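For clarity, every value in this text was computed on a predicted model and none was experimentally measured.
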There are 2 protein chains.
Amino acid sequence: MKTKECKIPEATIKRLSTYINCLERLQVENHPVISSELLGEYCQVSPAQIRKDLSYFGEFGVRGVGYDTKKLEAEIKEILGLNNNWPTCVVGVGKLGLALLNFALFRKHGFSITAAFDSDPAKVGTELSAGITIQPTTEIEQTVTGKKILIGIITTPADAAQKVAEQLVAGGIQGLLNFAPTKVKVPEEITLRNVSITSELDNLAYLMTQKRRRS
Amino acid sequence: MKTKECKIPEATIKRLSTYINCLERLQVENHPVISSELLGEYCQVSPAQIRKDLSYFGEFGVRGVGYDTKKLEAEIKEILGLNNNWPTCVVGVGKLGLALLNFALFRKHGFSITAAFDSDPAKVGTELSAGITIQPTTEIEQTVTGKKILIGIITTPADAAQKVAEQLVAGGIQGLLNFAPTKVKVPEEITLRNVSITSELDNLAYLMTQKRRRS
DNA sequence: CCATCAATGTGATAACTCTCACAGAGTTGT
DNA sequence: ACAACTCTGTGAGAGTTATCACATTGATGG
């Protein structure tokens with residue numbers, strides 16, 4: 001795989017993720033090869049867009065035929081780095097934290113949950129799965145450092161998010177995924193993604209309201 | 001509020017949502033007025049971007065001064081339509097469904113949970129909150145129609161999502177928010193947002209891998 | 001009441017992303 | 001072996017989004 005440049009649109013990365021989903025389904029449905037036309041229909045992206053997206057990373061298809069479903073899936077996984085195994089921790093084992101703590105899912109996307117933290121004393125000590133016991137948030141820094149954890153997932157309430165982020169950074173974290181409904185601020189060198197579920201709600205509210213206003 | 005045109009970038013809508021978050025925080029921190037400069041610093045958006053975003057919808061600031069924090073928040077809520085009260089149902093009361101079923105939160109964003117469904121017979125009959133009891137998925141269509149539910153939230157596993165979507169549509173749903181890790185297909189006239197949490201994981205994996213490869 | 005100042009609102013411009021159309025490459029049938 | 005055909009990969013162009021720079025407006029102080 002040759003990464004030509006590093007000027008890949010973020011939208012492309014997002015789509016690659018959906019391509020994988022479709023490719024998995026296509027394999028189950030017994031399509032060994034697939035054209036950009038049909039794949040586009042499956043994942044609701046234009047064929048040209050798919051070809052362009054893939055072309056950023058190399059040539060994966062066979063002209064006159066299409067793409068080998070299995071091989072393309074493997075290639076995209078390689079591109080996205082889903083074959084890695086990043087030591088990861090989760091902070092905030094509330095409802096959302098628990099929902100996300102689907103270990104198999106994380107594993108499939110390259111993350112290996114190695115620790116979990118919560119500030120609620122009642123939760124501390126609970127064993128979530130083999131070897132993972134909820135620790136108090138006071139132990140974040142030392143545990144992250146000690147276990148060489150590289151990724152942190154924040155699922156705390158909004159008001160705790162920034163402090164937690166700082167503790168994780170102090171422990172030497174390299175990447176953060178923040179589900180709390182506030183943006184957190186971290187040093188330049190930390191890879192950060194703020195995921196705002198409420199903004200999705202807002203977006204739907206907006207679209208619905210627009211629709212109503214038009215009529 | 002005068003909506004000049006309907007050519008508003010989706011990114012703008014997304015940012016409006018984050019502006020609200022920041023404005024709420026700013027009020028707590030006792031800032032009655034705020035400049036685009038400072039607001040930009042708070043929510044990590046350029047000042048020019050903020051002004052441009054707002055300019056799509058009207059003029060909300062005072063030159064030489066800035067924006068009235070409270071008033072601007074109210075304006076944005078009005079723009080996004082968060083003052084509505086859409087009758088809403090949730091399908092799939094698993095971990096993620098439960099996590100999202102924070103009634104207060106939904107209410108705050110303009111949705112009113114009116115029904116919940118699950119295919120698991122063990123869950124059917126459970127009372128989630130005053131008046132909301134989990135119903136079997138076989139009752140989706142008739143309940144949606146009967147209660148005039150307009151919004152559906154899908155938090156089922158991937159393989160059930162499309163069928164559920166179709167049942168909701170058959171019942172007369174107008175908007176869908178799909179959290180299942182598959183895109184669903186619905187008729188043109190239905191407002192649909194696919195929210196892919198796994199694609200956020202993939203995105204982080206990609207960014208981290210990039211970083212590692214560079215070094 | 002006028003001058004000064006600060007921050008908005010916005011047209012012009014730059015950057016980015018998507019779409020189109022087709023040349024090129026590989027496959028299949030004769 | 002060649003012709004006909006299919007679908008990819010991609011440069012060029014269209015469209016969209018973000019940035020910049022500044023004219024404009026209202027507040028403030030002397």
Participant: In terms of side-chain heavy atoms of B:S35, which of C:dA7, C:dG9, C:dG11 is nearest?
Facilitator: C:dA7

Participant: In terms of side-chain heavy atoms, does A:N84 have a donor or acceptor partner in B:T209 at a distance below 3.5 Å?
Facilitator: yes

Participant: Within this structure, what is the CG-to-P distance between A:L72 and D:dT8, rounded to whole angstrom?
Facilitator: 11 Å

Participant: Do NZ/NE/NH1/NH2 and the carboxylate oxygens of B:K71 and B:E75 come within less than 4.0 Å?
Facilitator: no

Participant: Take atom CG of A:D68 and atom P of C:dG26, then tell me their distance rounded to the nearest Å.
Facilitator: 16 Å

Participant: Whole angstroms only, please: what is the CD-C1' distance between B:E59 and D:dG26?
Facilitator: 12 Å

Participant: Looking only at side-chain N and O atoms, does B:S36 come under 4.0 Å of OP1 or OP2 in C:dT8?
Facilitator: yes

Participant: Measure from the side chain of B:T12, starting at C-beta and using heavy atoms only, and say which of D:dT10, C:dG26, D:dA18 lies closest.
Facilitator: D:dA18

Participant: Is the shortest distance from a Lys or Arg side-chain nitrogen in A:E73 or A:K77 to a carboxylate oxygen in the other one below 4.0 Å?
Facilitator: yes

Participant: Look at the side chain of A:V65 and decide which nucleotide, out of C:dC18, D:dA18, C:dT27, has an atom nearest to it.
Facilitator: C:dT27

Participant: How close or far is atom P of D:dA27 from atom OH of B:Y67, stated in whole angstroms?
Facilitator: 15 Å

Participant: So which nucleotide from D:dG9, C:dC20, C:dA12 ends up closest to the side chain of A:A48?
Facilitator: C:dC20

Participant: Is the base of C:dT8 touched by the side chain of B:R51 through a donor-acceptor pair closer than 3.5 angstrom?
Facilitator: no

Participant: Regarding D:dT25, can its base be found pairing with the side chain of B:R63 as donor and acceptor, where the two atoms are less than 3.5 Å apart?
Facilitator: no

Participant: Looking at A:Q49, does any N or O in its side chain come under 4.0 Å of the phosphate oxygens OP1/OP2 on C:dT19?
Facilitator: yes

Participant: Rounded to the Å, how far apart are A:I8 CD1 and C:dC16 P?
Facilitator: 13 Å

Participant: Of all the choices, C:dG26, D:dT8, D:dG9, which nucleotide is nearest to the side chain of A:V62 once you look at every atom?
Facilitator: C:dG26

Participant: Both A:K52 and B:E37 contact DNA chain C. Taking the nearest nucleotide for each, which residue is further toward the 5' end?
Facilitator: B:E37

Participant: To the nearest Å, give me how far apart CG (A:L39) and P (D:dG9) are.
Facilitator: 12 Å

Participant: Distance from A:I113 atom CD1 to A:L128 atom CG, nearest 0.5 Å?
Facilitator: 9.5 Å

Participant: Check the side chains of A:E29 and A:Y42 for a donor-acceptor pair under 3.5 angstrom, ignoring hydrogens and angles.
Facilitator: yes

Participant: Closest approach to the side chain of B:S46, judged atom by atom: which nucleotide of C:dG9, C:dC20, D:dT19 is it?
Facilitator: D:dT19

Participant: How close or far is atom C1' of D:dA18 from atom NZ of B:K7, stated in whole angstroms?
Facilitator: 14 Å

Participant: With distance as the sole criterion, is a donor-acceptor pair present between the side chains of B:N21 and A:T182 under 3.5 Å?
Facilitator: no

Participant: Looking at A:Y56, I'd like to know whether one of its side-chain N or O atoms comes within less than 4.0 Å of OP1 or OP2 on C:dC18.
Facilitator: no

Participant: Mapping A:G64 and A:P9 to their closest nucleotides on DNA chain C, which lands nearer the 5' end?
Facilitator: A:P9

Participant: Nearest whole angstrom, please: distance from the P of D:dC20 to the CD1 of B:I50.
Facilitator: 14 Å

